[in-house]
Protein chains: 2
Amino acid sequence: MAKALRTKDKIIVTAEMLFAEHGFEQTSLRQITSEADVNLASVNYHFGSKKALIQAVMARYQSVFMPALDAQLTELARRAEINGATYNTVDVLACVNAPLLALKQVRLDGPVIYLRLLGYAYSEIQGHLRKFTMTHYGNTVQQFFAMIQTANPSLCANTLFWRLHFSLGAMLFAQVSGQALREIAASDFGEEAHAEETLAKLLPFVAAGIAAPDPRP
Amino acid sequence: MAKALRTKDKIIVTAEMLFAEHGFEQTSLRQITSEADVNLASVNYHFGSKKALIQAVMARYQSVFMPALDAQLTELARRAEINGATYNTVDVLACVNAPLLALKQVRLDGPVIYLRLLGYAYSEIQGHLRKFTMTHYGNTVQQFFAMIQTANPSLCANTLFWRLHFSLGAMLFAQVSGQALREIAASDFGEEAHAEETLAKLLPFVAAGIAAPDPRP
DNA sequence: CTCTATTTTAAACGCTCGTTTTATACACTC
DNA sequence: GAGTGTATAAAACGAGCGTTTAAAATAGAG
């Protein structure tokens, strides 16, 4: 029983690293099992299939991130209600920071891993992740959406919908292509940067884009 | 000789359609050749390899788009120089509109196809497309970059670099996931939309994001 | 018509993939 | 310590992939 958990853990830890690095479809079970030093068949034994392994990997991060995000959003809304103040776009967007950092509990480089996984999940298995997220954490996502709406009362819901997905795209692209871009930036501008700094650069961009005046009021 | 071109054309026309729909790696040569009603081996005969076919497909669009973009940028710079006026971020970004529409020469739905191909090219074969684009059309890309810089003199080059790639990510994501998102938007807001309208929604978002004040001057 | 070069075809090759099977080793209860 | 359920191991399966081969068909030139 003790040895069993060891193997299952070795698989999941290795898998999420390789998935984050090369994507889900580009990572074979043979890569994972040889890197983790376990038998090929053990993936199917412990998880049932590759698809189930992918879901297990994603679920491990979502189950930490989403409740933490929910708490941040609720806290922000509560504070605003108490002192009658209002919150802006940046306030709402900043709610993702702490939940991201909380992923260090899962793994030291959890935040980076999770964002890269998200990027690949969206670009490869398209609808699946969205469906999974919405059925399990739909309330949190809707609260996030509603609070962005509250922070930008002049924008129509349709515009906001698209701008949030543009933002998501910007973030996912920055994560998936992040390492390559960071190397180019380093050679062009002489500035070494880490994934966290890239994320910090994203916030002003996204906040301004979302809060831009609606072209058709 | 006449029949030969017919086959080669059938392959490329079918390939770019399937590539745009499912991505490069997800589309097999057997899908392409059976859909195009040609023999499997004819791809390797006419193009040499699948990789070469992908490059041929991309080159067909780039060779129309990039020179057209170059012309637009040069024209904008010329007008600004003549009457001493200046141009802003939107002016520069709007330079991609006409070149996109010019892709209808290649194919009726050329603009949509090209943007989707771009999305997959960037997310799948990562560095390859960038290298190819830079070696063949590096001047045009640099001119675009420089003019965005001119339109936003207060931003440092590093910030601009990242914001342009954030913008690219937003656009690519909107294209690759565009159909699914459009269906969701239609069911949530009752608004049917086409790919062109999605692109129109992108411009204000991206322009505001790029032109946002630099957080560290 | 004949010869030659180009194009098309059918078949197979070699490889990788996820999955399944079958047998062996292990841990724990009685 | 025998017996039982769980875990690991090696091997093979069947399918799909890009590519290659070698023969058949087709076209154009002399």
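Aromatic ring orientation, A:F65 versus A:Y114: tilted (interplanar angle from 30° to 60°). In this structure, A:H165 and B:F173 have parallel ring planes: the angle between them is below the 30° cut-off, well short of the 60° mark. Between B:F145 and A:F189, the two ring planes are parallel [angle under 30°; tilted spans 30° to 60°].
Proximity of a side-chain donor or acceptor of B:R163 to a complementary backbone N or O of B:A212 within less than 3.5 Å is detected.
Note: NE2 (A:H46) to C1' (C:dG18) measures 17 Å, nearest angstrom. A:L18 places its CG atom 12 Å from the P atom of C:dG18, with the value rounded to the nearest Å. Following rounding to the nearest Å, B:L29 (CG) and D:dG18 (P) show an atom-to-atom distance of 4 Å. Taking atom OH on A:Y45 and atom P on C:dT21, their separation rounds to 15 Å, with Å as the unit. If you take CG of A:D9 and P of D:dT8, they are 11 Å apart, rounded to a whole angstrom. Straight-line distance from the CG atom of B:N44 to the C1' atom of C:dA10: 15 Å, rounded to whole Å. In this structure, NZ of B:K51 is placed 15 Å from C1' of D:dT19, rounded to the nearest angstrom. One can place CZ of A:F47 at 15 Å from P of C:dG18, the figure rounded to the nearest angstrom.
When ring centroids are compared, B:H136 and B:F132 come within the 6.0 Å threshold.
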**Prompt:** Once each nucleotide of nucleotides 9-15 of chain D is scored for protein heavy atoms under 4.0 Å, what B/S/- sequence comes out, 5' to 3'?
**Reply:** BB-B---
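Listed nucleotides: C:dG18, D:dG18, C:dT6. Nearest to the side chain of B:K50: D:dG18.
No donor-acceptor contact under 3.5 angstrom links the side chains of A:Q26 and A:Y120, judged on distance only.
Contacts of B:T27 with the nucleic acid, taken as non-hydrogen atoms under 4.0 Å apart, involve only primed sugar atoms and P, OP1 or OP2.
Counting heavy atoms from C-beta on, the side chains of A:N158 and B:K201 come closer than 4.5 Å.
Contact annotation: B:T7 reaches the phosphate of C:dT8 (side-chain N/O to OP1 or OP2, under 4.0 Å).
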